[in-house]
Amino acid sequence: HYYVSEQAEFFYLDTAKHNYQGERSIHTFLEGMKSKAYHYHLSVLAENAKYDLYTQITHQAAFTNSGIYARAVLDDHSHMIYRGMITIEDQASNCSSDQKEATLMLSPQAKIDAIPMLNIINDQVQCSHSASMSNFDPEKLFYMATRGLAPNETKKMLIQSFIQADISQLTDANLKTWIQDNLPKLLAL
């Protein structure tokens with residue numbers, strides 16, 4: 001559990017890779033006015049990995065802002081369960097929140113259970129949530145191979161660009177740079 005006070009910002013970065021087996025639960029409370037919280041979850045799972053992720057942000061004060069961004073790449077027989085919850089309590093007016101989950105499926109045997117949820121008690125807010133799943137497009141590999149790129153390098157490039165989509169929305173320049181510099185090591189690309 002994390003508690004964010006007035007006008008403070010909180011960034012949470014979580015990674016899971018390869019044959020990870022486990023579950024995580026993260027809950028952030030925006031207690032102070034004009035506080036902000038952002039959760040970033042990056043997963044590249046393969047083999048028989050099973051990852052159960054529950055992430056929640058609760059707005060308890062007015063003029064708070066949050067975002068939950070989850071990106072997963074699933075291969076082989078991996079299975080991910082994603083449950084994200086944004087809660088806006090009655091006293092938390094004029095809040096803004098966004099929740100996005102996107103999964104890239106590399107194998108027909110991989111499985112994702114994506115459940116984005118909103119619990120909004122105050123109607124003076126702006127909130128959105130989405131979940132998407134796409135399959136790896138072999139035509140892109142072929143197209144890039146005709147341009148002289150090796151299939152393994154092309155696959156890595158496509159996965160990395162898929163994962164970096166939400167990172168571009170970061171407002172903290174130092175955090176954005178750190179993630180971009182360390183992404184290949186974090187995800188073993």
Side-chain angles (χ1 to χ4, degrees), residues 1-2 10-30 37-59 65-89 95-121 125-141 155-170 179 182-189:
H1 290 88
Y2 301 96
F10 174 74
F11 294 94
Y12 180 89
L13 172 64
D14 169 67
T15 63
K17 57 185 177 178
H18 302 294
N19 198 17
Y20 179 81
Q21 301 287 326
E23 59 184 62
R24 292 190 184 132
S25 179
I26 301 98
H27 194 164
T28 301
F29 298 89
L30 295 170
Y38 303 95
H39 293 185
Y40 294 90
H41 305 280
L42 309 173
S43 306
V44 177
L45 303 176
E47 300 175 15
N48 290 308
K50 184 163 184 183
Y51 182 28
D52 184 350
L53 171 65
Y54 178 75
T55 182
Q56 180 172 354
I57 297 177
T58 300
H59 293 252
N65 191 336
S66 73
I68 299 174
Y69 305 99
R71 291 257 163 183
V73 178
L74 304 180
D75 202 357
D76 303 324
H77 290 86
S78 59
H79 179 198
M80 182 165 182
I81 302 166
Y82 166 80
R83 291 167 291 135
M85 170 69 84
I86 303 270
T87 298
I88 300 187
E89 295 183 351
C95 296
S96 176
S97 188
D98 187 26
Q99 180 181 182
K100 293 181 183 177
E101 189 283 332
T103 303
L104 177 62
M105 307 295 278
L106 300 180
S107 165
Q109 290 81 31
K111 183 178 177 183
I112 178 73
D113 297 313
I115 308 163
M117 300 171 279
L118 298 175
N119 180 19
I120 302 171
I121 299 168
V125 299
Q126 289 183 330
C127 287
S128 66
H129 69 301
S130 66
S132 66
M133 188 219 42
S134 59
N135 294 316
F136 194 72
D137 186 356
E139 288 183 24
K140 288 182 182 178
L141 280 178
K155 188 174 180 179
K156 285 181 184 180
M157 288 172 51
L158 293 171
I159 291 169
Q160 192 163 358
S161 66
F162 171 80
I163 290 173
Q164 287 181 325
D166 289 323
I167 295 170
S168 64
Q169 297 178 17
L170 282 171
I179 292 172
N182 288 284
L183 187 62
K185 182 176 72 173
L186 289 169
L187 300 174
L189 296 173

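Along the sequence shown, residues are numbered consecutively beginning with 1.
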Fill in: Worked check of side chain to side chain contact (heavy atoms under 4.5 Å, CB included) between Leu53 and His41
CA-CA 9 Å; Leu53 171 65; His41 305 280; 3.6 Å; yes

Worksheet entry | Neighbour count >12 (heavy atoms, 6.0 Å) for atom CD, Gln21 | yes

Tell me the closest heavy-atom pair linking [X] and [Y], and the distance in Å.
X	Y	result
Asn65	Leu30	O-CD1, 3.8 Å
Asp76	Ser107	O-OG, 2.9 Å
His59	Ser66	NE2-OG, 2.8 Å
Ala72	Phe162	O-CE2, 3.5 Å
Ala37	Ile57	O-CD1, 3.8 Å
Ser43	Tyr51	OG-CE2, 3.5 Å

Close side-chain approach of [X] and [Y], heavy atoms under 4.5 Å:
X	Y	answer
Met85	Ile68	no
Val44	Thr15	no
Asp14	Leu42	no
Val73	Met105	no
Ile112	Leu74	yes
Leu118	Thr87	no

Discussion item. Between Glu101 and Thr103, is there a side-chain donor-acceptor contact under 3.5 Å, judged purely by atom types and distance?
Written reply: yes

Item to complete: Give me the ring orientation class for Phe29 and His27: parallel if the planes are under 30° apart, tilted from 30 to 60°, perpendicular past 60°.
Response: parallel

Practice prompt. Run the numbers on Gln56 and Thr58 for side chain to side chain donor-acceptor pair (under 3.5 Å), then give the verdict.
Written response: CA-CA 7 Å; Gln56 180 172 354; Thr58 300; 3.2 Å; yes

Once rounded to the nearest 0.5 Å, what's the spacing between atom [atom1] of [X] and atom [atom2] of [Y]?
X	Y	atom1	atom2	result
Lys111	His79	NZ	NE2	4.5 Å
His18	Ser78	NE2	OG	11.5 Å
His129	Cys127	NE2	SG	10.0 Å
Tyr38	Asp98	OH	CG	9.5 Å
Asp75	Leu45	CG	CG	10.0 Å
Cys95	Ile88	SG	CD1	5.0 Å

Discussion item. Quick one, His39 with Thr28, criterion side chain to side chain contact (heavy atoms under 4.5 Å, CB included). Give me CA distance, side-chain angles, the key distance, then yes/no.
Written reply: CA-CA 9 Å; His39 293 185; Thr28 301; 2.7 Å; yes

Worksheet item: Any donor-acceptor pair under 3.5 Å linking the side chain of Gln99 with the backbone of Pro116?
Response: no

Practice prompt. Ignoring hydrogens and angles, tell me if any N or O in the side chain of Asn19 forms a donor-acceptor pair with the backbone of Ala49 under 3.5 Å.
Written response: yes

Item to complete: May I have the step-by-step check of side chain to side chain contact (heavy atoms under 4.5 Å, CB included) for Tyr40 and Tyr12, ending in yes or no?
Response: CA-CA 6 Å; Tyr40 294 90; Tyr12 180 89; over 6 Å; no

Fill in: Worked check of side chain to side chain contact (heavy atoms under 4.5 Å, CB included) between Ile115 and Met117
CA-CA 6 Å; Ile115 308 163; Met117 300 171 279; 3.8 Å; yes

Practice prompt. Dump the intermediate steps for salt bridge (charged side-chain N to carboxylate O under 4.0 Å, His left out) on Arg83 and Asp52, then the final yes or no.
Written response: CA-CA 8 Å; Arg83 291 167 291 135; Asp52 184 350; 2.7 Å; yes

